[in-house]
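Right, one structure below, let's go through it.
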Protein chains: 2
Amino acid sequence: MHNPDHSQDVTAGEVLAPYLHARAADFLRGLRLHTESVSDTAGAEEAARTLRGAARRIGGTLHTFRPLLDTAWADQLRTELAWLSGTLALEQACTSRLVRLVDALSRLSSGGGPVPTARGTEGGTGLTVGAARAGALLERQLTLARTRAHSASLQALGSARFHAIADAVALLASEVPLGPAGSAPAVEVIDAPAELAERRLLDAVAALPLSRAAHPYNADALALAAGEGQDAPWHQTRLLLRLHRYATEALHTGGEPDSHLYEAARALDRHRDAAEAATAAATAARTPRIAPATAYALGVLHADQRHEVEAARFAFQHAWHRTTAPVVS
Amino acid sequence: MHNPDHSQDVTAGEVLAPYLHARAADFLRGLRLHTESVSDTAGAEEAARTLRGAARRIGGTLHTFRPLLDTAWADQLRTELAWLSGTLALEQACTSRLVRLVDALSRLSSGGGPVPTARGTEGGTGLTVGAARAGALLERQLTLARTRAHSASLQALGSARFHAIADAVALLASEVPLGPAGSAPAVEVIDAPAELAERRLLDAVAALPLSRAAHPYNADALALAAGEGQDAPWHQTRLLLRLHRYATEALHTGGEPDSHLYEAARALDRHRDAAEAATAAATAARTPRIAPATAYALGVLHADQRHEVEAARFAFQHAWHRTTAPVVS
């Protein structure tokens with residue numbers, strides 16, 4: 001993790017500042033994009049993505065390198081950025097969840113031939129009808145959720161709370177409020193926080209049932225009643241891997257990223273998306289007065305997405321064992 | 001495939017006869033067991049298993065080595081044995097299907113925690129109730145099917161058709177009706193039919209999407225509407241693998257069986273069982289007037305068993321690539 005370029009007279013603040021300045025500039029660019037794209041959906045999405053990405057990176061850096069910063073300032077801004085990126089993420093999450101579920105339904109109910117039943121095409125029709133109704137139900141529910149998320153985003157971006165964040169980030173674009181350790185030579189103080197972030201990631205991964213996940217078709221993720229409990233450590237690892245990646249970005253701004261680590265991160269994103277899509281299918285199945293065929297298709301969809309959860313765990317362990325980065329120096 | 005023990009003066013009939021005599025003796029032992037176990041369920045099951053195993057092996061041998069046998073006799077007896085083993089297999093199939101589905105439901109709905117939903121235990125209760133009802137429905141349907149299969153078995157075993165088979169097998173226990181080639185030296189004529197059986201197996205395996213199956217979580221088996229069509233080549237391979245195994249048994253009676261080939265065969269059995277269990281879940285879901293929660297649990301179960309189908313394909317290709325036997329000499 002130690003960067004040989006940090007000469008003795010470069011302070012920790014001088015190492016972190018360029019990264020934080022650049023992410024703050026990204027944030028302000030996102031804000032401009034947002035202001036300019038009032039009636040432009042694609043522009044508004046791009047603006048939200050830029051704001052979220054910058055907010056996550058700034059928040060992550062404030063979290064990891066907190067010992068070097070003005071901690072009261074860092075904690076406060078981090079809390080606010082977490083609120084903002086969480087609020088902005090919801091709309092996109094609803095959209096991608098709907099796309100994922102509709103794609104899965106179409107994959108499940110397509111194939112040309114009859115469903116695997118003795119009744120032939122009659123059964124095929126049953127699943128096709130159920131899948132179409134399930135798709136319509138999910139579309140209704142997730143579109144409603146997305147509309148609500150969209151309103152919440154707009155409301156957030158127009159709020160005094162957001163303007164206070166934007167002001168703080170605008171200041172960050174030119175100056176980073178440091179703590180006493182921020183003025184110490186980088187070579188002495190900057191590696192420890194980054195190594196702690198890495199250690200937390202390694203510990204979280206070590207606690208995952210990776211050798212079990214490496215055994216394909218273990219059906220672990222299909223123990224539906226154990227769902228939330230068994231998913232949590234993977235979700236937590238996803239957040240820790242993100243913090244580790246941002247810390248690496250902050251310290252090695254020009255370095256070549258580890259493609260396996262990126263792949264591992266993508267697998268954990270997929271794990272989260274599939275788990276949430278499975279939940280959405282289960283939630284839709286509890287809608288009162290749905291037809292049995294609809295409930296049936298939602299059950300198939302739920303199990304299918306849990307199958308995807310298991311597949312993502314398999315992909316994660318595969319990528320993780322190929323990463324080179326996670327070795328504490 | 002060529003057995004070095006076949007000296008020039010041993011005829012093909014002399015090589016096949018001990019195997020057919022022994023399997024015919026097994027059949028007659030099964031018949032005796034059946035007669036002695038009128039009110040003994042375990043004994044009756046053992047009798048049916050013994051009769052089926054012997055009938056399949058005799059039928060397979062008559063099929064593979066048909067060119068060496070009295071073909072009219074072989075074709076006729078083979079047809080009758082196929083009817084018998086098919087009839088006797090149904091009851092056991094219903095029992096094991098029910099066990100498989102009830103086990104899967106219990107695995108799916110257990111785990112201690114809530115189901116993966118935002119509603120927590122409420123959702124857990126929903127799946128638990130649905131799983132219990134689905135289990136009761138499947139039990140009702142499969143118990144009824146099993147009772148019918150049991151009656152059909154008893155009727156078959158009391159029929160004139162069965163007694164004619166038993167007479168034919170009793171003759172086979174002491175004499176094998178050969179064709180002209182059956183009197184030829186074994187070394188000249190016995191390998192070709194066994195190699196044809198092997199060639200058919202190799203061709204069937206070569207046509208399977210094995211490299212796709214080797215890629216875990218490909219979700220191929222979850223294209224539910226394509227179910228029957230995509231399963232058929234695997235089911236066909238299962239039958240050809242069985243014929244190949246019986247031919248090997250007939251020619252190398254003392255040899256060590258290839259454990260990987262046995263494992264591959266077991267994987268294809270599991271493939272068939274899971275595919276049929278998935279069909280049973282889909283069929284149950286079309287029962288009129290079931291509750292949505294029941295239909296939902298059956299949908300989860302259906303997808304779960306298709307996941308098992310995919311897992312069995314993965315297991316097959318894994319075992320197959322480790323087999324040593326399937327190389328044509």
Side-chain angles (χ1 to χ4, degrees), chain A residues 104 107-120 122-124 126-128 130 216-217 219 222-231 275-276 278-279 282-283 285-304 306-312 314-315, chain B residues 104 107-120 122-124 126-128 130 216-217 219 222-231 275-276 278-279 282-283 285-304 306-312 314-315:
Chain A
R107 172 170 52 74
L108 288 165
S109 60
S110 78
V115 296
T117 72
R119 308 273 169 81
E122 189 189 326
L127 184 64
T128 307
Y217 301 108
L222 282 162
L224 300 190
E228 267 182 343
Q230 61 164 294
D231 292 346
E276 289 185 348
T279 300
T283 304
R286 285 196 298 280
T287 309
R289 288 179 302 281
I290 54 172
T294 311
Y296 175 72
L298 289 168
V300 170
L301 186 59
H302 182 174
D304 174 72
R306 293 304 301 175
H307 177 267
E308 280 281 299
V309 165
E310 202 181 291
F314 179 81
Chain B
R107 171 170 53 73
L108 288 165
S109 59
S110 77
V115 296
T117 72
R119 308 275 168 81
E122 189 189 323
L127 184 64
T128 307
Y217 302 108
L222 283 162
L224 300 190
E228 267 183 344
Q230 60 164 295
D231 293 347
E276 290 186 347
T279 300
T283 304
R286 285 196 299 281
T287 308
R289 288 180 300 282
I290 54 172
T294 311
Y296 176 71
L298 289 168
V300 169
L301 186 60
H302 183 173
D304 173 73
R306 294 302 302 176
H307 177 267
E308 280 281 299
V309 165
E310 202 181 292
F314 179 81

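None of these values were measured; they are calculated from a predicted model. Just so we're on the same page: letters track the sequence lines, and every chain starts at 1.
With a threshold of 4.5 angstrom between heavy atoms, Ala315(B) does not approach chain A through any atom at all. Both the backbone and the side chain of Glu310(B) have a heavy atom closer than 4.5 Å to some heavy atom of chain A. For a residue to count as touching a neighbouring chain, one of its non-hydrogen atoms must lie under 4.5 Å from one of that chain's; by this rule Ala297(A) does not touch chain B.
Note on Pro292(B), Pro216(B), Ala303(B): by heavy-atom pairs under 4.5 Å with chain A, the leading option is Pro216(B).
Scanning for salt bridge (charged side-chain N to carboxylate O under 4.0 Å, His left out) contacts around Glu276(B) gives Arg97(B), with sequence neighbours left out. Residues forming a ring-ring contact (aromatic ring centres under 6.0 Å, His included) with Phe314(B) (at least two apart in sequence, or on another chain): Tyr217(A).
Ring geometry for His307(B) versus His307(A): interplanar angle over 60°, hence perpendicular rather than tilted (30 to 60°).
The distance from atom NE2 of His302(B) to atom CG of Asp304(A), rounded to the nearest 0.5 Å, is 11.5 Å.
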